[in-house]
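Throughout, protein chains are lettered first and strands after them, A, B, ... in sequence-line order, and every chain is numbered starting at 1.
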Number of protein chains: 2
Amino acid sequence: MALTTKGRATRQRIIEGAAAYLRSDEPAGVTLDDIRAITGTSKSQIFHYFPDGKEELFLAVARHEAGRVLDDQQPHLGALTSWAAWERWRDSVVARYRAQGRHCPLGTLMGQVGGTPGAQEVIATLLNQWQSHVRKGIAEMQAAGLVREGLDPDRVSAAFIAGVQGGVLVLLNTGSVTHLEAVLDTLLEHLRG
Amino acid sequence: MALTTKGRATRQRIIEGAAAYLRSDEPAGVTLDDIRAITGTSKSQIFHYFPDGKEELFLAVARHEAGRVLDDQQPHLGALTSWAAWERWRDSVVARYRAQGRHCPLGTLMGQVGGTPGAQEVIATLLNQWQSHVRKGIAEMQAAGLVREGLDPDRVSAAFIAGVQGGVLVLLNTGSVTHLEAVLDTLLEHLRG
DNA sequence: ACCACAGTGGACTCGACGGTCCAGAAAACC
DNA sequence: GGTTTTCTGGACCGTCGAGTCCACTGTGGT
């Protein structure tokens with residue numbers, strides 16, 4: 001599929017429009033027709049740019065959103081080299097998900113193309129990158145002698161990832177960020193030793 | 001709706017059949033027709049016993065499954081009064097979800113009746129009960145002087161709940177229990193001080 | 001100017017699924 | 001035993017949403 005300038009623009013408009021839509025309203029369940037309406041396109045355009053239809057489109061949107069997840073935590077996530085930096089990161093995560101509230105673009109997407117290999121790959125990649133940032137942060141703190149020696153960066157970073165995911169999950173269901181804060185603070189306390 | 005003995009049996013058969021189906025196969029997405037086929041009932045029976053249709057039925061199944069979640073952790077979850085008991089609990093949680101693998105009956109149900117108040121209430125109740133068991137365990141360990149004094153049972157139990165949820169979420173996506181183990185072990189280590 | 005191909009609109013098909021309806025079987029109750 | 005209510009089977013309906021098709025328009029190259 002050779003895309004002209006106009007074509008690329010339309011394709012991008014579809015992805016970003018869908019992403020924006022997911023981030024705003026939307027209780028649960030997006031249809032191609034929703035996206036069509038939101039982005040001011042026609043059926044044929046969607047299938048022109050995403051020949052495999054729903055799955056291909058949703059995966060593209062999911063990748064787009066997955067990128068945002070990490071971007072929204074920058075620059076803090078990329079430089080966890082001091083306790084102050086860790087605190088800032090903690091705050092940015094809490095703020096981001098508090099703002100997002102009960103909506104979860106990625107969650108909604110996964111609800112529709114969940115089981116497919118492509119979807120799992122998107123999530124796995126996101127979690128891996130996320131965890132490796134945290135792991136790197138722990139290792140650096142360790143190298144600087146700021147963290148108890150006995151800690152396994154692999155294990156603790158995995159705990160952070162699981163904790164954040166769970167905190168967000170609880171937020172999605174209850175609307176409260178206390179669990180997210182609790183798990184982050186508890187793990188940070190444990191890091192401090 | 002006055003139910004006869006036969007009626008109660010049929011109603012129960014529908015709920016348990018649906019629950020069993022969710023626990024076994026099922027990639028994502030259950031239909032009333034699936035349940036009808038599995039349980040050997042007819043359309044009219046389903047709407048006879050669950051007049052509000054899909055939502056009412058799925059909520060009943062969700063309540064049924066939510067009960068199992070806690071039951072499967074007993075008797076350990078109810079008596080977290082020693083480190084050995086905590087270890088047994090940890091193992092039972094890991095074992096339960098390892099066995100469950102990538103299926104998540106409750107998750108599937110939530111994917112279909114997710115946003116409704118009823119669904120959120122089921123989840124909120126489950127999380128509350130779960131957390132209060134853990135909180136009680138922490139308080140008892142504290143009272144027995146087995147845990148560092150400074151800990152806030154509320155906060156740490158919240159962290160445990162978030163951690164387990166997140167660990168399971170990662171398991172669902174990646175198929176690996178390492179995150180669940182990591183977060184449980186890290187939090188236990190933190191409890192030990 | 002022409003032509004080939006990308007881009008666009010929108011009507012249409014087709015299947016899936018939730019929900020309705022009614023007629024008949026089986027209990028329960030007197 | 002007869003009547004009333006519950007239980008059951010399954011045909012039927014309406015809607016919604018993914019994906020197809022084709023006719024038309026714009027664009028870029030020569």
Does the pair [X]/[Y] count as a salt bridge with the N-to-O cut at 4.0 Å?
{"X": "A:Arg36", "Y": "A:Asp33", "value": "yes"}
{"X": "A:Glu16", "Y": "A:Arg68", "value": "no"}
{"X": "A:Arg192", "Y": "A:Glu87", "value": "yes"}

Would you tell me if any nitrogen or oxygen in the side chain of [X] comes within less than 4.0 Å of OP1 or OP2 on [N]?
{"X": "B:Thr5", "N": "C:dA27", "result": "no"}
{"X": "A:Ser42", "N": "C:dT8", "result": "no"}
{"X": "A:Tyr49", "N": "C:dA6", "result": "no"}
{"X": "A:Gln45", "N": "C:dG7", "result": "no"}

Would you kindly give the [atom1]-to-[atom2] distance between [X] and [N], to the nearest whole Å?
{"X": "B:Leu57", "N": "C:dG18", "atom1": "CG", "atom2": "C1'", "answer": "12 Å"}
{"X": "A:Leu3", "N": "C:dG7", "atom1": "CG", "atom2": "P", "answer": "5 Å"}
{"X": "B:His48", "N": "C:dC21", "atom1": "NE2", "atom2": "P", "answer": "16 Å"}
{"X": "B:Asp33", "N": "D:dG9", "atom1": "CG", "atom2": "P", "answer": "14 Å"}
{"X": "A:Leu32", "N": "C:dA11", "atom1": "CG", "atom2": "C1'", "answer": "17 Å"}
{"X": "B:Ile46", "N": "D:dG10", "atom1": "CD1", "atom2": "P", "answer": "14 Å"}
{"X": "A:Glu55", "N": "D:dG17", "atom1": "CD", "atom2": "P", "answer": "19 Å"}
{"X": "B:Phe47", "N": "D:dC13", "atom1": "CZ", "atom2": "P", "answer": "17 Å"}

Nearest listed nucleotide, side chain of [X], among [options]:
{"X": "A:Lys54", "options": "C:dG19, D:dA18, C:dT8", "value": "D:dA18"}
{"X": "B:Thr31", "options": "D:dG9, D:dT6, C:dG18", "value": "C:dG18"}
{"X": "A:Lys6", "options": "C:dG10, D:dG26, C:dA6", "value": "D:dG26"}

- What residue among A:Thr108, A:Thr116, A:Leu109, A:Val122 forms side-chain contact (heavy atoms from CB on, under 4.5 Å) with A:Phe58? A:Leu109

- Query: In a check of side-chain contact (heavy atoms from CB on, under 4.5 Å) between A:Val177 and each of A:Val170, A:Leu171, A:Leu184, which one passes?
  - Reply: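 One option only clears the test, and that one is A:Leu171.
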
- Query: Of A:Arg8 and B:Val30, whose nearest nucleotide on DNA chain C comes first from the 5' end?
  - Reply: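 Its nearest nucleotide lies further toward 5', so the answer is A:Arg8.
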
- Checking only heavy atoms, does the side chain of A:Lys43 share a donor-acceptor pair with the base of C:dG9 at less than 3.5 Å?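 Looking at the base of C:dG9, it does not pair with any donor or acceptor on the side chain of A:Lys43 (distance under 3.5 Å).
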
- Check every strand shown and say whether A:Ser44 touches a base, only sugar-phosphate, or nothing at a heavy-atom separation below 4.0 Å.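 A:Ser44: base contact, heavy atoms under 4.0 Å.
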
